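Predicted model, so just to flag it, every value in this text is computed and none were measured. Numbering starts at 1 and runs along the sequence shown.
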Amino acid sequence: MHQDIKEILYTQSDIASRVEELGKRITADYKDCIDSGERLVAVCLLRGAALFMADIVRHIELPIEFDFMVVSSYGDSATSSGTIRIQKDLSCDIEGANVLIIEDVIDSGFTLSYLCKNLLSRNPSSIAIASLLRKDVEGQADVDCKYVGFECPNEFIVGYGLDFAQRYRNLPYIGTLKPEVYTNE
Ligand code: PRP
């Protein structure tokens, strides 16, 4: 796997420090909600955010519920509206809860733009997003992401949950892929 990486953008230790910082901010931001008896539900978007979820929740020092969704975009990639399908929905009811969406990367922004609208219709008390990465993409949908790990270039990146053709998710760092890897597929 390592030989397919062009450049490491964020090392294992960069990621660990940033995730810890975000977890501490989230702890401070939600302390009052929890103290007043409200629920905090972390919603992990599988599969890419699995590692980020596993790490960040261990830095959120509050009672927190876990839930998981699988969403995928489909249809004509030329369609600017982007269409998202829910393949696995939440198991819990989020009405009245504070929802924290845990995502690995915001690219076009369509996934989160759609998902926020969808989850808002279920009447949560609040929705916020924590995304490890936000790509610098022209025309990205307007997504209000409160917790961003790293603003990153619009390149083909893999590792720490992010894949290319379902590979490289288990790399402990995030790096760019050598172009010959994806052009030869
Ligand atoms: C990736 C990523 C985000 C989404 C971002 O998911 O994990 O969920 O795309 O793209 P967008 O901002 O353009 O909507 P993918 O569908 O590749 O699934 P995965 O999480 O299983 O890797």
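- You'll find the side chain of Ile94 stays beyond 4.5 Å of the side chain of Ile127, heavy atoms only.
- Atom CD in Gln12 sits 10.5 Å away from atom OG in Ser17 (nearest 0.5 Å).
- The side-chain heavy atoms of Asn170 and Tyr168, taken from C-beta on, include no pair separated by under 4.5 Å.
- At a threshold of 4.5 Å between non-hydrogen side-chain atoms, the residues Asp89 and Met69 count as touching.
- The backbone N or O of Arg18 lies less than 3.5 Å from no partner atom in the side chain of Glu20, so there is not a single donor-acceptor pair.
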Result block: side-chain N/O donor-acceptor pairs under 3.5 angstrom for residues 95-107, not counting sequence neighbours:
residue	atom	partner	partner atom	Å
Asn98	OD1	Ser126	OG	2.6
Asn98	ND2	Glu38	OE1	2.8
Asn98	ND2	Arg39	O	3.1

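- Between Cys33 and Leu40, every side-chain heavy-atom pair lies at or beyond the 4.5 Å cut-off.
- At least one donor-acceptor pair under 3.5 Å links the side chain of Thr27 to the backbone N or O of Glu61.
- Residues Arg134 and Gln140 form a side-chain contact, since some pair of their non-hydrogen atoms from C-beta on lies under 4.5 Å apart.
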Considering only distance and modelled atom types, tabulate donor-acceptor pairs under 3.5 Å from the side chains of residues 143-164, sequence neighbours left out.
residue	atom	partner	partner atom	Å
Tyr147	OH	Asp29	OD2	2.6
Tyr160	OH	Asp55	OD2	2.6
Asp163	OD2	Gln166	N	2.8

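- Side-chain contact check for Leu22 versus Arg25: some heavy-atom pair is nearer than 4.5 Å.
- When side chains are defined from C-beta on, Arg47 counts as touching Arg169, because their heavy atoms get closer than 4.5 Å.
- Rounded to the nearest 0.5 angstrom, Lys6 NZ and Thr176 OG1 are separated by 4.5 Å.
- Between the OG1 atom in Thr183 and the CD atom in Glu180 there is a gap of 6.5 Å [rounded to 0.5 Å].
- Residues Val41 and Ile64 fail the side-chain proximity criterion, which asks for heavy atoms closer than 4.5 Å.
- Remark: Ser108 engages Phe110 in a side chain to side chain contact (heavy atoms under 4.5 Å, CB included) (not counting sequence neighbours).
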side-chain contact (heavy atoms from CB on, under 4.5 Å) assessment of Leu45 paired with Leu112:
CA-CA 10 Å; Leu45 301 192; Leu112 285 174; 4.0 Å; yes

